[in-house]
Amino acid sequence: MAAHRKSAHRKPKQRPFTGPAARTAATLALAGAATATSATGAGAAPAEPVPTAAQVRAKVDRLYHDAEVATEKYNGAKEKEAAATKAVDTLADEAARRTDRLNTARHTLGSMATAQYRTGALDPAVQLALSSDPDSYLERAAHLDRAGDRQASLLSSIRRQLSGIARVKARADQETEALAARRAELDKHRTAIQSKLADARKLLATLTAAERAAYERSADAAHGGGPATSADRAAVGAHADRAAPRSSVAAPNSRAARAVAFAHGAIGKPYVWGATGPNAFDCSGLTQAAWQAAGVSLPRTTYTQINAGQRVSRSELAPGDLVFFYSGISHVGLYIGGGQMIHAPRPGAPVRIAPISQMPFAGATRVA
């Protein structure tokens with residue numbers, strides 16, 4: 001009886017599928033796996049095509065150009081930020097001076113009030129009646145009247161000073177708001193420049209060493225690079241401060257000659273966005289510094305420098321003229337004659353001599 005109960009609770013032994021049943025199970029399993037694989041593949045995004053070396057080079061050139069446009073906007077914003085900072089500082093100094101004058105006036109008024117309190121306890125008529133020397137009292141009373149006039153004048157002056165200080169502080173508040181806006185604009189353009197240059201570096205990193213070298217050679221050719229740049233720099237050397245330009249075409253005047261000579265002396269120095277020398281330059285920073293060396297003050301940006309002198313045609317160019325490129329006036333160089341200019345091309349390309357025909361010509365200006 002016990003043996004019968006043990007066998008009654010024993011689980012039935014499962015046998016593996018065989019024959020047609022096994023084939024049916026295998027078919028269902030394979031179909032399920034295929035369905036899962038198909039569903040997974042349908043949801044996956046297709047791989048992006050890898051850009052060619054030519055596409056990378058074109059995009060890098062565009063990023064460098066966009067970075068230069070942003071650099072000129074940055075330069076303009078920085079100039080406005082500096083002007084706003086100066087205005088705020090000037091108004092703060094003016095408010096401090098006015099406050100000092102107000103405090104002096106208040107001190108004088110307080111001294112006068114103290115003196116009147118000490119001597120003015122009795123009514124003037126009573127003081128006259130009790131005085132043993134009426135003539136002396138009347139003389140003192142006349143002085144008091146004049147002191148009263150001075151007091152009234154001083155009070156009027158204090159009112160005017162308070163009103164003036166309030167106006168100065170209101171102007172200072174406006175300039176402070178403008179300064180904050182200029183700094184925000186400056187940060188925006190700085191971020192844009194850094195982002196575009198970082199993107200350019202990432203793209204260049206995708207090229208092979210040979211492709212990268214080919215890009216640098218083509219970029220150098222487009223911006224006037226190559227062995228001539230090193231030779232020019234070596235030839236200028238210690239003579240960079242001489243007024244005579246290294247060109248077969250004579251400058252129209254001594255100031256233009258000094259500007260050209262300065263630009264020759266800058267050959268080989270690195271391009272750094274926002275830089276105005278003496279160790280690095282961007283394009284408008286170089287032209288500004290060159291003409292500053294000649295005693296002429298130029299504005300900071302390409303789009304303001306083009307209006308800093310007399311416009312001249314391409315056929316009328318003379319050494320020292322400013323030559324501008326692209327429809328947005330985003331690049332500038334210093335013409336040195338013979339269809340050549342000295343300019344600061346782009347990041348990674350130092351100041352060099354280049355033909356003005358390598359970029360879309362937008363106009364020229366004669367500074368002096």
Side-chain angles (χ1 to χ4, degrees), residues 37 40-75 77-78 185-233 266-275 279-286 301-302 324-333 341-362:
T37 303
T40 304
E48 292 186 4
V50 177
T52 65
Q55 290 171 330
V56 169
R57 291 196 295 268
K59 191 166 184 179
V60 168
D61 283 340
R62 187 165 59 253
L63 285 166
Y64 278 148
H65 175 70
D66 291 346
E68 188 165 46
V69 171
T71 294
E72 290 307 309
K73 291 179 180 178
Y74 169 87
N75 292 338
K78 189 171 181 62
E185 184 183 6
L186 201 62
D187 288 340
K188 181 185 74 173
H189 294 312
R190 181 189 292 112
T191 300
I193 295 165
Q194 292 171 338
S195 174
K196 292 179 188 302
L197 294 180
D199 288 345
R201 286 192 295 269
K202 288 178 184 176
L203 281 170
L204 287 172
T206 66
L207 299 177
T208 65
E211 290 169 340
R212 178 74 178 267
Y215 169 76
E216 294 297 340
R217 285 194 300 272
S218 66
D220 280 347
H223 294 92
T229 297
S230 300
D232 280 330
R233 187 185 182 197
I267 288 173
K269 292 185 177 180
Y271 177 102
V272 174
W273 62 269
N279 299 317
F281 301 90
D282 63 20
C283 68
S284 56
L286 174 63
T301 65
T302 52
F324 299 88
F325 303 91
Y326 300 103
S327 59
I329 319 296
S330 59
H331 191 75
V332 62
M341 67 175 171
I342 296 175
H343 73 144
R346 59 176 176 82
V351 176
R352 58 181 48 162
I353 294 173
I356 64 172
S357 59
Q358 291 289 357
M359 289 178 282
F361 187 82

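The structure displayed is predicted, hence computed values, not measured ones. Keep in mind that the numbers below use all heavy atoms, side chains included, and drop hydrogens, waters and symmetry copies.
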Non-hydrogen atoms of [X] and [Y] that approach each other most closely:
| X | Y | value |
| --- | --- | --- |
| Glu72 | Ser330 | CG-O, 3.8 Å |
| Glu68 | Cys283 | OE2-SG, 3.5 Å |
| Pro350 | Pro345 | O-CD, 3.1 Å |

Any donor and acceptor pair, going by atom type alone, linking the side chain of Thr302 with main-chain N or O of Ser284 inside 3.5 Å?
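No, the answer is negative, given that no donor and acceptor are paired below the 3.5 Å cut-off.
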List for me each residue that meets side-chain hydrogen bond (donor to acceptor under 3.5 Å, both in side chains) alongside Thr301, sequence neighbours excluded, and say none if there are none.
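By the side-chain hydrogen bond (donor to acceptor under 3.5 Å, both in side chains) rule, Thr301 matches Thr304.
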side-chain hydrogen bond (donor to acceptor under 3.5 Å, both in side chains) partners of Tyr64, counting only residues at least two apart
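If we apply the side-chain hydrogen bond (donor to acceptor under 3.5 Å, both in side chains) test to Tyr64, skipping adjacent residues, there are no hits.
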Quick one: pull up [atom1] in [X] and [atom2] in [Y] and give me the separation to the nearest 0.5 Å.
| X | Y | atom1 | atom2 | answer |
| --- | --- | --- | --- | --- |
| Ile356 | His343 | CD1 | NE2 | 11.5 Å |
| Arg352 | Ile342 | CZ | CD1 | 12.5 Å |
| Asn75 | Leu186 | CG | CG | 9.5 Å |

Are [X] and [Y] side-chain neighbours, meaning at least one heavy-atom pair lies under 4.5 Å?
| X | Y | answer |
| --- | --- | --- |
| Asp282 | Tyr271 | yes |
| Asn279 | Val272 | no |
| Tyr215 | Asp61 | yes |

Excluding sequence neighbours, so at least two apart, what forms side chain to side chain contact (heavy atoms under 4.5 Å, CB included) with His189?
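Lys73, Tyr74, Ala77, Glu185.
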Results of side chain to side chain contact (heavy atoms under 4.5 Å, CB included) for Ala192 - residues two or more places apart only:
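With sequence neighbours excluded, Ala192 shows a side chain to side chain contact (heavy atoms under 4.5 Å, CB included) to Ala70, given in chain and number order.
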Check: residues 195-208 side-chain donor-acceptor pairs under 3.5 Å, at least two apart:
unit_1, atom_1, unit_2, atom_2, d
Thr206, OG1, Leu203, O, 2.5
Thr208, OG1, Glu211, N, 3.1
Thr208, OG1, Glu211, OE1, 3.4

Do the rings of His331 and Phe325 sit parallel, tilted or perpendicular, given the 30° and 60° boundaries?
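Correct class here is tilted.
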Where do Met341 and Met359 land on the side chain to side chain contact (heavy atoms under 4.5 Å, CB included) test, with the steps shown first?
CA-CA 12 Å; Met341 67 175 171; Met359 289 178 282; 3.3 Å; yes
Name all residues meeting the salt bridge (Lys or Arg N to Asp or Glu O under 4.0 Å) criterion together with Arg57; count only those two or more places apart in sequence or in a different chain, and write none if there are none.
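Scan of Arg57 (salt bridge (Lys or Arg N to Asp or Glu O under 4.0 Å), adjacent residues dropped) gives none.
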